[in-house]
Amino acid sequence: MLRGAGPTATPPPGQPTVSAAEGVVTGAPRRWLGLEGLILLAGTLIAFAALGQPWWLVPAAILAPDIAMTGYAAGTRPGAHLYNLTHATPLPAIMLGAGYWQANRLVMALALVWLAHIGMDRLLGTGLKYNDRFTHTHLGDRPDAR
């Protein structure tokens, strides 16, 4: 059942019914994910410092992955897919590897900032999105974010 909906409410066409608690990480695993986010954030910023790139890149690029939220203009399903694609570690990890392979410090630095963004999000409790609404994440439903 959708949160706030009556027992006979149905989701919009094409949208599955998802419980607000479905797939939500709680307790010790959630704390571990927060610690993981802190370690990812700190580690990537330490690695960034080792690259010798200008620090203005961090505030200039740290929120760039959030541009993916514009995918929600096309609906919750494409929005969630695009958001999750830019808020999971595989793409920036591939970018980091490609930058290392090409000896391109700028590409490596931008990939590290991207990973730092992901770490910051996890530390703050912002998770990967479910298809039903923007506020429903694997770390919980955040009605305060509406």
Side-chain angles (χ1 to χ4, degrees), residues 1-5 9 11-12 14-102 104-146:
M1 179 170 42
L2 295 173
R3 175 173 260 197
Q15 296 296 318
T17 301
V18 180
S19 164
E22 185 175 329
V24 173
V25 178
T26 61
R30 183 182 174 111
R31 289 187 295 276
W32 278 106
L33 288 172
L35 179 61
E36 181 181 59
L38 175 64
I39 299 298
L40 181 60
L41 175 61
T44 53
L45 292 178
I46 290 167
F48 181 91
L51 285 176
Q53 294 297 300
W55 278 98
W56 63 262
L57 280 175
V58 175
I62 193 85
L63 296 179
D66 285 338
I67 293 170
M69 285 189 276
T70 59
Y72 279 90
T76 56
R77 182 175 299 269
H81 287 297
L82 183 60
Y83 184 92
N84 291 341
L85 184 67
T86 61
H87 285 80
T89 58
L91 289 181
I94 290 168
M95 183 177 169
L96 181 60
Y100 180 78
W101 182 51
Q102 295 293 318
N104 188 325
R105 290 177 171 261
L106 179 60
V107 170
M108 288 189 293
L110 291 173
L112 288 168
V113 172
W114 189 355
L115 287 165
H117 174 94
I118 294 168
M120 180 179 66
D121 272 4
R122 294 302 181 280
L123 178 62
L124 296 174
T126 305
L128 298 173
K129 309 295 184 191
Y130 283 96
N131 293 336
D132 59 335
R133 61 189 172 280
F134 179 76
T135 58
H136 187 194
T137 77
H138 83 287
L139 295 176
D141 198 8
R142 299 183 55 128
D144 59 316
R146 289 181 190 174

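Only this structure's heavy atoms are used, side chains among them; waters, hydrogens and symmetry mates stay out. Start at 1 with the first residue, then count along the sequence.
Closest approach of Gly75 and Pro78 over heavy atoms only: O-CD, 3.6 Å. Listed here is the closest heavy atom pair of Tyr83 and Ala68: CA-CB, 4.0 Å. Nearest approach of Pro90 to Ala88, heavy atoms of both residues: CD-C, 3.3 Å. The two atoms that bring Pro92 and Ala111 nearest to each other are O-CB, 3.5 Å, heavy atoms only. The shortest heavy-atom contact between Ala109 and Gln53 is CB-CG, 3.5 Å.
Between the side chain of Asn84 and the backbone N or O of Lys129, at least one donor-acceptor pair lies under 3.5 Å. Side chain of Trp114 to main chain of Ala61: no donor-acceptor pair is present (N/O by atom type, distance under 3.5 Å, no hydrogens or angles). Between the side chain of His138 and the backbone N or O of Gly127, no donor-acceptor pair lies under 3.5 Å.
Annotation: the span from Thr126 atom OG1 to Ile118 atom CD1 amounts to 12.0 Å, rounded to 0.5 Å. From Met108, atom CE reaches atom CD of Gln102 across 10.5 Å, with rounding to the nearest 0.5 Å. In this structure, CG in Asp66 is found 3.5 Å from NE2 in His117, a value given to the nearest 0.5 Å. Residue Leu112 holds its CG atom at 9.5 Å from CG of Leu40, rounded to the nearest 0.5 Å. In this structure, CG in Leu91 is found 12.5 Å from CG in Leu96, a value given to the nearest 0.5 Å. Leu57 CG to Ile62 CD1: the interatomic distance, rounded to the nearest 0.5 Å, is 11.0 Å.
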Start with the C-alpha gap between Leu33 and Glu36, add the side-chain angles, then the distance that decides, and say whether side chain to side chain contact (heavy atoms under 4.5 Å, CB included) holds.
-> CA-CA 5 Å; Leu33 288 172; Glu36 181 181 59; 3.3 Å; yes
Decide side chain to side chain contact (heavy atoms under 4.5 Å, CB included) for Arg122 and Leu128; before the verdict, give the C-alpha distance in whole Å, the side-chain angles of both, and the deciding distance to 0.1 Å.
-> CA-CA 9 Å; Arg122 294 302 181 280; Leu128 298 173; 3.3 Å; yes
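Checked options Ile46, Leu123, Leu115; the residue passing with Leu41 is Leu123 (criterion: side chain to side chain contact (heavy atoms under 4.5 Å, CB included)).
Using a 3.5 Å distance cut-off with no hydrogens or angles, the side chains of His136 and Asn131 do not pair a donor with an acceptor.
Counting non-hydrogen atoms of neighbouring residues, nucleotides and ligands closer than 6.0 angstrom, the CH2 atom of Trp101 reaches no more than 12 such neighbours.
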